[in-house]
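What you see below is based on every heavy atom in this structure, not just the backbone, and it leaves out hydrogens, waters and symmetry mates. Here is how names work: the chains are called A, B, and so on, in the same order as the sequence lines, proteins then strands, and each is numbered from 1.
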Amino acid sequence: MTDTARIEALENQVADLARRLTVREDELDVRKLQHLYGYLIDKCMYNETVDLFTDDAEVRFFGGVWKGKEGARRLYVERFQKRFTHGNNGPIDGFLLDHPQLQDIITIDPDGVTAHARARSMMQAGRHKDYLTPDNPMMANPRQWWEGGIYENTYKKVDGVWRIHVLNYFPHWHADFDKGWAYTEAEYVPFPKVLYPEDPSGPDALIEDHWLWPTHKLLPFHMPHPVTGKEMVAERWQGDIDRVKAKADAQAAE
Amino acid sequence: MTDTARIEALENQVADLARRLTVREDELDVRKLQHLYGYLIDKCMYNETVDLFTDDAEVRFFGGVWKGKEGARRLYVERFQKRFTHGNNGPIDGFLLDHPQLQDIITIDPDGVTAHARARSMMQAGRHKDYLTPDNPMMANPRQWWEGGIYENTYKKVDGVWRIHVLNYFPHWHADFDKGWAYTEAEYVPFPKVLYPEDPSGPDALIEDHWLWPTHKLLPFHMPHPVTGKEMVAERWQGDIDRVKAKADAQAAE
Amino acid sequence: MTDTARIEALENQVADLARRLTVREDELDVRKLQHLYGYLIDKCMYNETVDLFTDDAEVRFFGGVWKGKEGARRLYVERFQKRFTHGNNGPIDGFLLDHPQLQDIITIDPDGVTAHARARSMMQAGRHKDYLTPDNPMMANPRQWWEGGIYENTYKKVDGVWRIHVLNYFPHWHADFDKGWAYTEAEYVPFPKVLYPEDPSGPDALIEDHWLWPTHKLLPFHMPHPVTGKEMVAERWQGDIDRVKAKADAQAAE
């Protein structure tokens, strides 16, 4: 092979390596971004949280959609910071809202500037008995619960830096610390019903197909099955739950 | 240096970079595969789970070994899908079996087509009080528990795609949601004792050296210590536990 | 472009790829190191834990600082191994101390031999009722608790292998399994007060600014905000907690 041919082969190989490496750098950087989101939310650093979003961001959260970076600010700063931390940008004593960030599967689109992640959290939340604030309806009683949820987020690279484009968090179960997930009451968390601006920190739109445990469905995956290449779709059991519940009632009455 | 010498140096460097990058791509892809396993198992998508395995797979689970992809199908579809979800390939209301996938350490063998992972889960499992099915012995009572376990899995790259070769899951503790791990009764989970085909969804073989909390041993690591290069072996305390338990009984009787 | 010019361009590109790939290899290897730390601590393999540290290591833990690899040995082997496992280098029945390692954000310094990680654990710890040792004050009663904490560690690459340089673990909350984080008593874990050598396994120094839940502060981040480039600093609420507590007392007395 001539030198020129070898150079051409090298140029192709190097371009291919650069492309492959960039994909993995992006995966790892999106992962760090999502992890940082968790650390910031843990510690009620809502201003820094909002700075993670794109200008055209969307936050899908507990049945509401907050649109644009201004919507994100309304949710995190106007709603959470006021309700949870007396307006403080940082943790306050006696208030816990830990969001461990777990189990990411990150996919970079061929455009190199769009990313998707499936990820999850398993939260610890509550208010300590010695730090209640009776004038704040959210903070007037000791309360403690576990929460599990799944993210299907998208991200965009803007000016060379990955940012959150759509934060789509879907809680999959709640459990009172005392009672557990076998005894969670329906509508454990009340969803927002009033839109902005009627509710000054409310969402721009509602999500109609929300559900909460003990209802249990699949949050769709952003990617196909890696072996079969097929979409991963859940069947929905149409069994006679009324019949089995009637049976259970009858047994209990015996 | 001549152009030709520089080209040769570049060819060597590029080959080395390609080799190194491939190892990391493989680590990250095996990680995604194991994470997907968790998401599929969470949501009782047993058909898609079976598709993650090689034809010569092995599932080592609660004292049994299910062999081949057919064995995996027997375990996930014939056993779990029938017992847990009324044959539904997907989640059903009131049944929780979350498997967060955590803390992977993945090693790619020099052959480039075999991988090993140590990983763990910390599960939330149970049946909600409003969704009992009295005609299903596994689902007739509300029940809820935590479970921690460790994986030491192997994977194979077949036709360019990583698949699970040996899924070796070893639960390390169970805890009733109400009582906790300080009060777990021995044999918290009954292990299968009857082999296939006598049990139509039973294992092909039993694992003799199984144990369950409060017994506590080391599941061996697939890799050596990264600093010393030595195998990491646990000592086994041979203390006089009978004596200390007798002492405890005597104290309790005082 | 001449062959020589193309070769020079390739040499620059290859050098750049090598530099970028090395950073990601280092991130992934530090991650494995921290994950292994978790697995070893889980299983009370204290000798292998100490081997993960540099000679000039530092362990910052529960208000104490243990200095040098000898300090690490004093903490893990002289203190923990004696108190927890009767001197056994490995797990013992009935003693649980699981440290899942979660949510790493790893930064490699430009020098290529120093790394920083923010990471977290969410622990399960306790002693099973059937395995008490009345002659060991740490192990005489059944006890079980959850613990959440954050690491801000540094690592050094010595002789080509990453090692832990500063292990800085800061517990953020404790919860009795029975009562939960809303009812944690102050000073849930007593901090060491007596220095080495007066206490033969004590720390070399004390950390003055320690705190435990329900106090709640930010453990500083090692890195700036990825979008704004600014330091991430928490505000500290100076609200009239005495007033709100007095109000709560008044309400309770009604």
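- The contact between A:V233 and chain B is made entirely by backbone atoms, counting heavy-atom distances below 4.5 Å.
- With a 4.5 Å cut-off on side-chain heavy atoms, B:F177 and A:K179 do not count as touching.
- In terms of heavy atoms, B:G90 sits closest to A:A234 at CA-CB, 4.1 Å.
- Heavy atoms of A:W211 lying under 4.5 Å from chain B are absent altogether.
- Here B:H99 contributes atom NE2 and A:R120 contributes atom CZ; the two are 9.5 Å apart, rounded to the nearest 0.5 Å.
- Remark: A:E27 CD to B:R31 CZ distance equals 9.0 Å, nearest 0.5 Å.
- A distance of 6.5 Å separates CD of B:Q144 from OH of A:Y183, quoted to the nearest 0.5 Å.
- Distance CG/B:D98 to CH2/A:W173: 7.0 Å, rounded to 0.5 Å.
- Both the backbone and the side chain of B:E25 come within less than 4.5 Å of a heavy atom in chain A.
- The part of B:R127 that comes within reach of chain A is its backbone (N, CA, C, O), which places non-hydrogen atoms under 4.5 angstrom from that chain.
- Under the 6.0 Å cut-off for aromatic ring centres, A:W181 and B:W145 do not qualify, their centroids lying 6.0 Å or more apart.
- Proximity to chain A is limited to the backbone of B:R143, based on heavy atoms less than 4.5 angstrom apart.
- Note on B:P142, B:P100, B:G126: by heavy-atom pairs under 4.5 Å with chain A, the leading option is B:P100.
- For the set A:R6, A:E235, A:Q13, the entry with the most heavy-atom pairs within less than 4.5 Å of chain B is A:E235.
- In terms of non-hydrogen atom pairs under 4.5 Å with chain A, the most contact-rich of B:L10, B:D3, B:T22, B:L36 is B:L36.
- If you take CG on A:L21 and CG on B:L17, they are separated by 9.0 Å, rounding to the nearest 0.5 Å.
- Both the backbone and the side chain of A:L218 come within less than 4.5 Å of a heavy atom of chain B.
- When the options A:H216, A:R236, A:K217 are evaluated for a side chain to side chain donor-acceptor pair (under 3.5 Å) with B:D93, the one that passes is A:R236.
- Heavy atoms of A:I106 lying under 4.5 Å from chain B belong exclusively to its backbone.
- Heavy atoms closer than 4.5 Å to chain B are found in the side chain of A:M122, but not in its backbone.
- Remark: side-chain polar atoms of A:Q103 are paired, donor with acceptor, to backbone N or O of B:Q101 under 3.5 angstrom.
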**Study point:** From CA spacing to verdict: side chain to side chain contact (heavy atoms under 4.5 Å, CB included), B:K129, A:T184
**Key:** CA-CA 9 Å; B:K129 68 177 171 60; A:T184 306; over 6 Å; no
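- Contact of B:Y39 with chain A is made through backbone and side chain together, with heavy-atom distances under 4.5 Å.
- Contact check for A:H225 versus B:L52: side-chain heavy atoms found under the 4.5 Å cut-off.
- Using a 4.5 Å cut-off between heavy atoms, A:T215 touches chain B through backbone and side chain atoms alike.
- Other residues, nucleotides and ligands contribute more than 12 heavy atoms inside 6.0 Å of the CD atom of A:E11.
- Proximity of A:W213 to B:L96: side-chain heavy atoms (C-beta onward) are separated by under 4.5 Å at one or more points.
- With a 4.5 Å cut-off on non-hydrogen atoms, B:Q124 touches chain A through its backbone and its side chain both.
- For chain A, the nearby part of B:V161 is the side chain; its heavy atoms alone come within less than 4.5 Å.
- Heavy atoms of A:D104 lying under 4.5 Å from chain B belong to its backbone as well as its side chain.
- When heavy atoms are compared at a cutoff of 4.5 Å, B:K43 approaches chain A solely by way of its side chain, counted from C-beta outward.
- Only the side chain of B:L102 comes within less than 4.5 Å of a heavy atom of chain A; its backbone N, CA, C and O stay farther away.
- Taking NZ of B:K32 as the start and CD1 of A:I105 as the end, the distance is 8.0 Å to the nearest 0.5 Å.
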